Structure formats: C-alpha cells, structure tokens
Amino acid sequence: MEAQVEHSAGEIKRLQRCINDLVSLLALPAVWSGGDPSQVLHTLLDALMRMLHLDLISVQLKNPVGESPVEIVKIGELRGPIPPAHDICEALSHSLGGNSRKWPPLLRKFMGGGDVSIVPLPLGVQGELGVIVAAAQRADFPQQTEALLLSVAANQACIGLQEARLRSQQKRIADELDKRVAQRTAELAAANAELQLQVGLLQRLPVSAWTLNPDGTPDFVNQVWLEYSGQTLDFIRSHPEAWMIAVHPEDREAASMAFWEGVRSGQGFAFETRSLRVRDRTYRWHLNQAVPLRDAGGKVLKFVGTTTDIDDQKRAQEELRASENDLRQILDGIPGLVAAITPGGVPDVMNRPFLEFFGKTAEELRSWSTNDIIHPDDLPRVIDAFTSSIATGTPFDLEIRYHRADGVYRRFEVRIHPARDADGRITRWYGLLVDIEDRKLAEEALNKARSELAHMSRVTSLGAMTASIAHEVNQPLSGIITNASTCLRMLATDPPQVEGARETARRTIRDGNRMSEVITRLRGLFSKKEPATESVNLNEAVLEVIALSIVDLQKNHVSLRPELADNLPLVTGDRVQLQQVILNLLRNGSDAMSAVEDRPRLLLIRTERDEGDRVRLTVQDAGVGFDPEATDRLFDAFYTTKSEGMGIGLSVSRSIIERHHGRLWAKLNDGPGAAFSFSIPRSSEGLARADGIRNPQPPAVPGPNAA
Amino acid sequence: MESGHTGCAPALPLVSIVDDDESVRESLPDLLKQLGFAARAFSSAEEYFASDCVDQTRCLLLDVAMPGTTGPDLQRELIRRRQATPIIFITADKDIIVRQRLIEQGAVECLFKPFSDTALLKAVNSALNPK
C-alpha cells in the first residue's frame, strides 16, 4: 500500500508539476508579445529544457518569406562528444524525412555515445512551419505528462511564431508605407519647388507669357501681360476673349482668324498685332506666338505662348523700307541705266530704266556676257576691258552697242567706276550706261550734211563755174604752152627756123586771145544770171557755215571767234552764194595760218552794221598775211600763192559780192595776218538777231537752202 | 599744117597722136619734131587704124576722152591685135586715180594738160627706151 501511496504522492507531485508547467507554457504568449520569432523560440526551448530536463532540444524553422531558416539547438548534458548543432539538425532531418506526417512520434537513435529518445514535434497544422525536436537519454522519455507538455509547447510555439510573424509582417508593411510616403512627400516638395521656380520665371520673363486650354480659353497669364494690358487675372479668366480688347481694331479680324485657326487645328499660331499699352495708351506692334503641349498620345494639353514687343524693330524696318524706297526712286529717276556691281564683277542692283530697257529681270541680266544683250562684234572687247578693270581696279570707259528689248541695237557710253572704303579696298563698282544713239545719229547726220554741202559746193554756181572755166581754159592754155615751147626751140636752132617760129607765135597769140574770150564770156554769162533773192539773216548764214567747217577748223587747230552783232539788219540776196563767199574766206584764213606755230591760230569772224545802211562781214586771221604790193592782184583770176590752187576763190567771191551790189576787199592787220571784208546793202525789212551767242552751237540739222 | 604726107617709113622714130582736139593736132606734131621725132596726128581711133602707120608707130600719144572710140578702147584694141605700141595718155581731167589706173593697165605715162615740153620729152623717151 505504501508503495502505492508513494507512487500516488509522486504521481500527484508529477501532475502538479505538469500543471504548473502547463500554466507556464500557456502564459508564454504574454511573455512573447512584441518579440520576434527567434526570441519566441529561445524562450520556449529554454522553458522546455528546464521543465523536462532534456538532453537536447532543437528547432528548425522552414524558410518563411524573406527570412532565412532558423535553427536553434540547445544541448543539455550529453555524455560524449557533442556534434555541432547543425549536424545534429541535419542528422535529425535525415532521420525524420521531409514529410512531417510520416514522422513517428518517437525515435531511438544512437547519438553522442548512447541511445537517445527523440520526439519530433511538427510546427504548424501540417508541419509547414518547422519542427521542434526534443531528445533525452532517459529510457522512459517521454512520459505521458511530458508528451502532453511537449505537444502543448508545440502548439504554443505555433501560436507564438505566427503572431510574431504577423507582427513583423505588419511592421514591414508599415515601414514600407512610411518609406513610400516619405519619398512621395519629397517628390512633391521637389516638384513644388520646381513649379515655384517656373512660375517665378514666367512671371519675370520680359515678355507676356500665357497658357491656353485646348479650347482656347485662357489658363494662365503672367504678370507682364497683366501690367501691360491693365487687366486682372479674374477678368481674363471670366472673359475668354479679353485679350482681343487690347488689339487694335484694324488688326482684330485677322488676329481672330489666326488665333482660332491655330487653336482648332492644334498647331498653334504666330501673328502680329498692334496691342494697346495701357500705361500710355499707345499701340505697339507685338508678335503673338503659341505652341501646343501634347501628351504621350498626341492630344493637346495646353497651348503655351508669348507676346513679344516688336514695335521698335517694326518701325526700324519701316524706316529702312522707306529710305530704301527713296533711294530706289532716286536711282530709278536717273536718266541713265545704273547698276551696282560687286567687287567680283557681278551686277547686283539695277535701277528701273536698266531693267525696262532690256526687258529682262535682274537675274537674267547678271549673265550679260552670254545672254545676247551686247552686240556680238563688241562683246570680246567688252569682256576683255571689263575683266581687266575688275582685276586692276581701274575705271572702265567704253562705247558699247546694247540690244534693246524691242530688238534694236543702241549705242551707249558705258562708264564703270569703283567705290572704295577707308582702307582703299574696293567695296562696289557703279556703272552708268548713257544712250548716245541719238547723239551719234545727229553727229552722223551733221557729217553727212557737211560732206553734202562740200559736194554741193561743186554743183553750185561757183563750183560749176570753176569747173567750166577750168575746162574751157585748159584747151587754149595747152595750146599756148605747146606752141610757145615749139616757138622757142625753133628760134634756138642753128640756123633759127624763123618761119616755124612765126607760125607758132601766131598760134600762141591766137590761143591767148581765145582764153581771154572764154573768161570774159563766162564772166558775162555769170553776171547775166540774176541771183536768187531773198531776205537773208547773215548771222544765221554765218552760223551754218561755221557748223559745217568747225571740224576742219578744229583739225587745223584754228580757234574760231565769232562776233556777231545783235540787231543786224537783214540783207537781200542769194543765201547760198553768200555762204560760199563766207566759206571761201574762212578757208583762206585757215590756210593762211597752217604754218603758224608760235601764236594761237585765231580766226575772227565779225558781222556789224556798216555806214550807209550796209552790213559788213569780216574774216580776220593771224596768218602769214600777203604782199602789200599784190593787194589788187589777190582778186585776180588765177592768182594764187597756194601750190595746188588755181586762185579762183577770191575772184569769184568778188563777183558774187559785186552782184549783190557790194564790195569785197582785203587789208593787212596791224599784227600778223590779214582781214578780208565784204559789205553789202541791207534789205528794207527786218533785223537779224545775233542770239547773243559767243560760242555758236551748230544747228541740229544744217540745211542750206537750195540756190 | 604739116601733118607728114610722107608714107609711114620715117627715118626718125614715129610718134602718132590720136586726139579729137584740133589745137592738139595742130601744135603737138611741131613740138615733137623739134624734140627729134617724126609725128603724125589722127582725129579718131578709126582714122588711126585706117592708116598705114600703126605698125611703124613707136609711141602713141592718146587722148582719153574722145567721142566714139575712147582712148582706153583703142588701147584694148591694140592689145587684141597684139600690137605692143607704148601708149602715153594725155588728158584734161586731172584725176590721179584715173591716171593710176591707166598706168596699171599698161600705159607708160598719163600727162595732164597743160603739160610742159620737158614732161613730154621725158615721157616719150621712156616709152621708146623702156628700162
């Protein structure tokens, strides 16, 4: 019975102890609260070790999410060498296998020098959490109570582990959340700062900056615009077309069209307007530009734009345009073809007359050397001279035939001159082309008239008479010379041929008489003819003769000085014959000076009133003069001091003047030379003007009246 | 007037004159004789060719402007006949261009009336003695 009582007392003690331990185990969660899984396990294992006097207890937790497997081994008093914990766990795992369902409740193994009873305790409903292994060398391990405690401990472990896991998960999530919030907050702050900066910039840009919604209504307008327009942000937001108010009424329509077109199409816009500055109520030119801001899909989010004051530039442009226009007008007004040429020789700017003359564009005219505007015969010469000028910088002066738009060639005087900068470098060439075709034609007409008059002098009465005299006189003259020569030779022979001499002398005298008759007859014939009479303006007649002989006089370096009286009375007579006399006197005067080198070859021609209602004309030279003894003979037929002359001029001139009831005479000057004058009666009507001309201009087309 | 009625076989070199001008036909032959030549005068080319003096003529004094056959015509006829008679033209028309042309066409000289006796002598000598 005592053994049974002892047994029962021991049993009771054991049970009491078991219940105490149970209570302790059940109280563990409170201890564990807030701890992490390893803490839980350590506490539990320590408790079990103590409670059950285990030799070994270990736990292996399978890898929970994010954590490494946990292995804890606690060793009690084991005899023999103690293998490392890990090995033990591994050996245990091997022994137990992976599937916790297949684990026996009890294992006996030889470990550490003796047999050991091993109790595996799966954690979790299916052992998914891990395993606790309790081992003791006692043979009776585990007793019932011990087994109970172990299973309760395993449950508690589960509970504790799960709670711990949950807690740490929650903590992790909370941490993550905090981190995210912090990040987001930082981002937002940064974005905000950026925004502040941008807004600050927008406000401070020296242009009006604004944004529009995709429908064109105002979104944001910066301070500059508000100040300029005098509008408020509220006003703008509530009045979608507030900006239009600032625009000049004349520009509104175009601006509106451009604006709405740009908004509707999503392309944005750029147009100029005059916009009102409220501060001083002036309109200034502005450029309004907007560009679209699109999202990733291409949809317009906003329009971003600026309004820039371009008034100064625009006014400057206008002034420039106006001054260019003035310059252009001046250039176009020059009565010549003007071109500006680059230093490289390319015609650059051409005035309007230039373009109109050729009927081509400036571009076409740049290829002047190949586009047929220059006469082909002139082209090689022009190209040579032009390239030479451009290369050497010397001015160019040429007469060139150009092809006018209507196909006619016109002669031009072309001058090209360089313009240089302060350093002497050529900056441009300027070319001036002057149409001289008319002048040339006039010159040619003049020359033609001159030679015609010279020709006519052969067919007027003077010429005709001269020719007929020469011819008629020639025959008896030849006879005289031949017979006289024969006569002399006959007398010179030994003995002299008297009979022959007499005969030839007779012939000579006969021919001499015949010659006199001829001259007398012709003179009589001449004097019988009444001159064509008209009122003659002697000054005009003089001017015409001068015009015709001016070139010859100039060629002989004769300076002609006309002194034509004003209010010279008209004379009655044959204009052409009088002109022949004047021409004759001028020619004689010029010839008289042909050898003069040491003084000017001055030829004076003077008209003046003469006494007794007459008009006098004088031609005075500075030439060699004449022999005063031969004064009378000057006017004789055949008297000549010229080697080629027959001396007809003065004789006939005298005849002409005498038929005009006048007289022609010669006088030696006080200085060198002589003066030939004629004086003829004035007509009863009118007066001639000298036109006050000292240096006469040749008449445009001289036309001596037919005799 | 003397005009040389002897037949055309003169001892002295024969100079023939063809000119429609009577005073020339009157005066020139006498001068030529004084200068040492024989001379015959004809009033036209036809009269000259009709005469028997054509071959004997050592030098021909020929007027340029004549009615009918002119001097140059006569010259051409002589060429046609292969008659190489040297020709001295005499003319009143003092045209040096014409003179030059006549000389180019074969005349020895072309004298302008009035000409001196020395000019005549020089011309005839050069016709008779060509260098």
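Only a predicted model underlies this, so the values are computations on that prediction, with no experimental measurement involved. Chain letters run A, B, ... following the sequence lines, proteins first and then strands; every chain starts at 1.
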Quick check: do Phe678(A) and Ser653(A) have side-chain heavy atoms less than 4.5 Å from each other? no

Pairing residues for Gln34(B) by the side chain to side chain contact (heavy atoms under 4.5 Å, CB included) criterion, not counting sequence neighbours: Thr486(A), Arg489(A), Met490(A), Thr493(A), Gln497(A)

So if I take each residue of residues 62-91 of chain B and look for any heavy atom under 4.5 Å from a heavy atom in chain A, which residues do I end up with? none

Which atoms of Leu35(B) are under 4.5 Å from chain A, going by heavy atoms: the side chain, the backbone, both sets, or neither? side chain

Give me the atom names and distance for the closest heavy-atom approach of Pro29(B) to Ala41(B). CG-CB, 4.1 Å

Compare every heavy atom of Gly673(A) with every heavy atom of Asp621(A), then report the nearest pair and how far apart it is. OD1-CA, 3.4 Å

Closest non-hydrogen contact found for Arg40(B) with Cys53(B) is NH1-SG, 3.1 Å

For Phe115(B) and Ile481(A): C-alpha separation, side-chain torsions, deciding distance, then whether side-chain contact (heavy atoms from CB on, under 4.5 Å) applies. CA-CA 7 Å; Phe115(B) 45 82; Ile481(A) 290 169; over 6 Å; no

Are Glu22(B) and Arg25(B) close enough for a salt bridge, meaning some N to O gap below 4.0 Å? no

Residues of residues 99-114 of chain B contacting chain A, heavy-atom criterion under 4.5 Å, by residue number: Lys113(B), Pro114(B)

Taking all heavy atoms of Ala501(A) and all of Cys487(A), pick out the closest pair and write down the distance. O-SG, 3.5 Å

In terms of side-chain heavy atoms, does Gln577(A) have a donor or acceptor partner in Arg659(A) at a distance below 3.5 Å? yes

Residue from Leu488(A), Thr504(A), Asn483(A), Thr482(A) scoring the most non-hydrogen pairs under 4.5 Å with chain B is Thr482(A)

Kindly write out the residues that satisfy side-chain hydrogen bond (donor to acceptor under 3.5 Å, both in side chains) with Glu444(A), not counting sequence neighbours, or none if the list is empty. Arg411(A)

